[in-house]
Peer 1: 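One structure, pasted below without further comment.
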Amino acid sequence: MARGRQRRRIVEDEDNEEELVGQSGLEGGVDTEANAQPLVAGTPERGDKVIKRARQADITELLGAYSPKAAPGGKSEAVSSAVQEANGSSTETGNAAPAEDGDVEARPSQTHTATKRTCRSRSAAVGTAETSEADDTAASGLFTALATSDLEPRAATTWSAGTPVPYAFLAAAFERMSNTMSRIELTQQLCDAFRCIMESTPEDLLPAVYLVINRLAPAHEGLEIGVGDALLLQALAAATGRKLALLKEQYRQTGDLGDVAAHSRTTQRTMFSTPPLTVRGVYHEFLCIARASGRAMQEEKKRRIQKLLVSAKELEAKFLARALQGKLRIRLADKTVITALAAAFVWYGDAARGHAPPAAVRIESSTLLLKRVYNECPSWNRIIDTLLQLRDIDERLAEHCRLTPGLPVLPMLAKPCKSVAEVLTRLEGVPFSCEYKYDGERAQIHRVADGRFHIYSRNCEDHTGKYPDLAAQLPRALRAALADAQFILDAEVVAYDRDAKRTLPFQQIQHRARKNVLLDDIKTRVCLFAFDLLYLDGRSLTRCPLAERRRLLRDTFQVVPGEFMFAESSDLIDGEHIQEFMDEAMRHSCEGLMVKALDGAHSTYEPANRTQNWLKLKKDYLSGVGDTLDLVPIGAYYGRGKRVGWFGSYLLACYNADTETFEAVTKVGTGFSEEQLAELYQQHSTHVLEAPRPYYAYSEQTRPDVWLETWQVWEIQCADLSLSPAYLAGMSHVQEGKGISVRFPRLVRIRNDKESEEATTSEQLVEMYVAQFQHATRAEEEEGSEAVTEDEEGDA
DNA sequence: GTGTCCAATTCGC
DNA sequence: TTCTGACACATTCGG
DNA sequence: CCGAATGTGTCAGAAGCGAATTGGACAC
């Protein structure tokens, strides 16, 4: 299985199928034996990665300074330890008032973990030992609501225990959820649905969870549905016998393929009846669709979708279509699922033991535990498997689903900041560090037991095959004493010019093939800029402070110029220096800065959370600093989903004064308020053209749904200018056959003071494009040979 | 059969 | 990646 | 002192460019 994991679809499918099908009970058999095994063995699945107890003790000691506050009394040992564990990350000192027995529910904010603190009054929070902190999901209202329910799972199910859960049950739940506005209610509904399933047919829980989050398998397995609008519409046409063009038109009007499918369904009702769809059946069918490959793959996918749709009732068809399109639109994602699942398991466990309704506090601590576990082990297969056997959420879950090299961790993300001042207020009174934010690709690098490396992308996709050069370079970066170390490293891969000793633009790295790259074929070299260490030889470091992680990082690795370097960083104090450092970063072709809490309880690694702890500062966030263009809308596209009835995006052009043409530069679909969107639709509807003006320059790939007159000018903010095969602005002026476009366009405002001929010109665009590179070049000249600095070089 | 091109899809930012 | 909007919660303000 | 107003964080769901990949269609 370990072998199979690093390859993709075709060959490994056999293995995967067994794994998925087995665990989800899709083959009918409940398969408990296979499932029971890992629990006993201590480490599910890849059994060889047992973490040594002794090592674990080390880390506990290391974390001693951040010891948990007292857990609330009167709780089961298991839950207490869960709370302790979770609390470990957030309490700076042990001086919080000891929790008393009694009505814990009344003051949940004291007992739950504040893995992330609220930012507003950090100084105050420090002063009061942070007892008033609230977690993101620590809405007492939420947990109280989840703890009160009169659901009788058995009575609420329409199917008998042990039989497959009908897909209609899920579809009905989806429909209900997409109509409830309140998040609390929504979570409650999801919780109820999960409870019904696990009380009656627990083996359907895993496929149900996958259908809810609309994924097929853990991200690193790389299983994708591979169905887009086009194919789906074809299948729909075939299943209902309606004209493709008609369906397309309907899609345009409703913006929702689900509605189209549901509607088509009713018009073409049954000639013969098919067996009802089941949750496991639909999930299994999705798997098959995802795995279809080779000759006539599209046909097969289409056939299977068709089959599903034919068997589907109205609501079922709606959500099947949405699921296949990847837009379930039930207003919930991972975090909500975690909360609902945690609550459901508390109820489930209590039901088994004949307890009274669960207390809000226990649901809260279970949610935090589950969240933590999911962060470090994002595999629902593994988690649900374990939970079903434990029939409870407690520390044993964390034991079985822990950080393991070979299983990617959700990466920590940063919050955008609009100014240096904002950074300072957010990090007031906390030591912090600034790092260059390199313009490359995030990489999480794992060294597993057999000494090999696995490289994962920001989305936990396996990119090992994309960077064989990194795997070859890495051993040189490990210090001799730690040559065999297992680790998980967080870093940025950046295209690098070794002769000039400088980083290259993002477009270079984007150019690399995605899989099966051979060392000899590599043209663009790559340098790794490491900035964090999450795991080292059996120890999870995610709850160490950044200063500590960074120390370990530098103790473990050494700089190899041009191959492995540490992200340039500086532990500064005031805003003045931040600005200076930012300018310096820009001169080194970086995107900006990352600012991170360095020490204390708030500097831990919080996977997947955009916390205050990591802030990102980019020049184009800063108002009036980044590149701004004045462009003219010349076309528009119909909106979908939320944007039905309006234009969802517009095609924008610059003005070529020489040829007196408007040349398409980019589309823009973000930056406007809903109100603005509605207004713009109104306004531009009255300026629609039958056909494009002869002086519009565009390529077929960007042909809009409607053409517009040139009567407005919009100010557009962007991050960079890029060379484009799809846009004709400044065509061939910089590179033969390429035009100029922009990265991350968004609307800033409407320039009512400008005529369309006063828009940014093609010439100006070319100048701006060229200027981008002069910055870096000039910086290099000024700094001489020291263009690349490594503060660690002498250290190596 | 083989090669070439296009359209659709996914995924990086 | 970018952005906005809705919700839930916590704090502050005002009668 | 309590309710209203305000501020903040989280989450979901709109939307962008460019590149690689892959199947299908078509020419040779």
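Computed from a predicted structure; not experimentally measured. Numbered from 1 within each chain, the chains take letters A, B, ... in sequence-line order.
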Peer 1: Pick out which of A:L257, A:L232, A:D256 makes a side chain to side chain contact (heavy atoms under 4.5 Å, CB included) with A:R322.
Peer 2: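 Result: among A:L257, A:L232, A:D256, A:D256 is the only option passing the side chain to side chain contact (heavy atoms under 4.5 Å, CB included) with A:R322.
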
Peer 1: Return no unless some side-chain N or O of A:S724 is found under 4.0 Å from OP1 or OP2 of D:dC17.
Peer 2: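 No, outside the criterion.
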
Peer 1: So does A:Q507 get a side-chain nitrogen or oxygen closer than 4.0 Å to the phosphate oxygens (OP1/OP2) of D:dA19?
Peer 2: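 Result: yes.
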
Peer 1: OP1, OP2 of C:dT2 versus side-chain N and O of A:K618: anything below 4.0 Å?
Peer 2: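 Answer yes for this pair, as a side-chain N or O of A:K618 is under 4.0 Å from OP1 or OP2.
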
Peer 1: If the C1' atom of C:dT1 is compared with that of B:dT10, how far apart are they to the nearest Å?
Peer 2: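 Those two atoms are separated by 15 Å.
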
Peer 1: Answer yes or no: does a side-chain N or O of A:S649 lie under 4.0 Å from OP1 or OP2 of D:dG16?
Peer 2: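 Answer yes for this pair, as a side-chain N or O of A:S649 is under 4.0 Å from OP1 or OP2.
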
Peer 1: With heavy atoms under 4.0 Å as the rule, sort A:L747 into base, sugar-phosphate or nothing.
Peer 2: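 No contact.
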
Peer 1: NA contact type, A:L677, heavy-atom cut-off 4.0 Å: base, sugar-phosphate, or nothing?
Peer 2: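 The residue A:L677 makes no contact with any strand.
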
Peer 1: Using the closest heavy atom to pick a nucleotide of DNA chain C for each, name whichever of A:K437 or A:G671 lands nearer the 5' end.
Peer 2: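 Closest to the 5' end, via its nearest nucleotide, is A:K437.
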
Peer 1: Once you apply a heavy-atom cut-off of 4.0 Å, does A:K466 come out as touching a base, just sugar-phosphate, or nothing?
Peer 2: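 A:K466: no heavy atom of the nucleic acid under 4.0 Å.
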
Peer 1: Quick one: label A:I509 by what it contacts on the DNA or RNA (base, sugar-phosphate, nothing), any heavy atom closer than 4.0 Å.
Peer 2: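 Touches nothing.
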
Peer 1: Using only side-chain N and O atoms of A:R458, determine if any of them is under 4.0 Å from OP1 or OP2 of C:dT1.
Peer 2: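 For C:dT1, OP1 or OP2 has a side-chain N or O of A:R458 closer than 4.0 Å.
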
Peer 1: Can you tell me if A:K738 touches the phosphate of D:dA19, counting only side-chain N or O atoms and a distance under 4.0 Å to OP1 or OP2?
Peer 2: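 Yes, A:K738 has a side-chain N/O under 4.0 Å of OP1/OP2 on D:dA19.
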
Peer 1: Could you check whether A:D490 pairs with A:R458 (Lys NZ or Arg NE/NH1/NH2 to Asp/Glu carboxylate O, under 4.0 Å)?
Peer 2: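 Here A:D490 does not pair with A:R458 in a salt bridge, since their nearest N and O are not under 4.0 Å apart.
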
Peer 1: Answer yes or no: side-chain N or O of A:Q298 and base N or O of D:dG23 forming a donor-acceptor pair under 3.5 Å.
Peer 2: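 Side chain to base: no pair present.
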
Peer 1: Are A:T180 and A:E185 close enough that some pair of their side-chain heavy atoms sits under 4.5 Å apart?
Peer 2: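 Of all side-chain heavy-atom pairs linking A:E185 with A:T180, at least one is under 4.5 Å.
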
Peer 1: Tell me if the aromatic rings of A:H463 and A:Y456 count as close, with their centers under 6.0 Å from one another.
Peer 2: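 Not close enough - the centres of the two rings lie 6.0 Å or further apart.
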
Peer 1: Between A:K318 and A:E175, does any NZ, NE, NH1 or NH2 come within less than 4.0 Å of an OD or OE carboxylate oxygen?
Peer 2: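 Salt bridge flag = yes for A:K318 with A:E175.
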
Peer 1: Regarding A:A296, tell me which of base, sugar-phosphate or nothing describes its non-hydrogen contacts under 4.0 Å with the strands shown.
Peer 2: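 Sugar-phosphate contact only - A:A296 comes under 4.0 Å of backbone atoms but never of a base.
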
Peer 1: Does the ring centre of A:Y769 sit less than 6.0 Å away from the ring centre of A:H733?
Peer 2: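 That pair fails the under 6.0 Å test.
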
Peer 1: Which residue pairs pass the side-chain hydrogen bond (donor to acceptor under 3.5 Å, both in side chains) test with at least one member in residues 665-679 of chain A, sequence neighbours excluded?
Peer 2: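 Listed once each, the pairs are A:E679-A:Q683.
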
Peer 1: Can you check whether A:T670 has a side-chain N or O nearer than 4.0 Å to OP1 or OP2 of D:dA14?
Peer 2: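 No, because none of the side-chain N or O atoms of A:T670 sits under 4.0 Å from OP1 or OP2 of D:dA14.
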
Peer 1: Please list, for nucleotides 5-7 of chain C, all pairs of protein and nucleotide N/O atoms separated by less than 3.5 Å.
Peer 2:
residue : atom : partner : partner atom : Å
C:dG5   : OP1  : A:E674  : N            : 3.0

Peer 1: Heavy atoms under 4.0 Å, any strand shown: does A:L233 hit a base, just sugar-phosphate, or nothing?
Peer 2: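 It contacts nothing in the nucleic acid.
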
Peer 1: Can you tell me if the side-chain N/O atoms of A:K415 get under 4.0 Å from OP1 or OP2 in D:dT10?
Peer 2: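 A:K415 to D:dT10 OP1/OP2: no side-chain N or O under 4.0 Å.
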
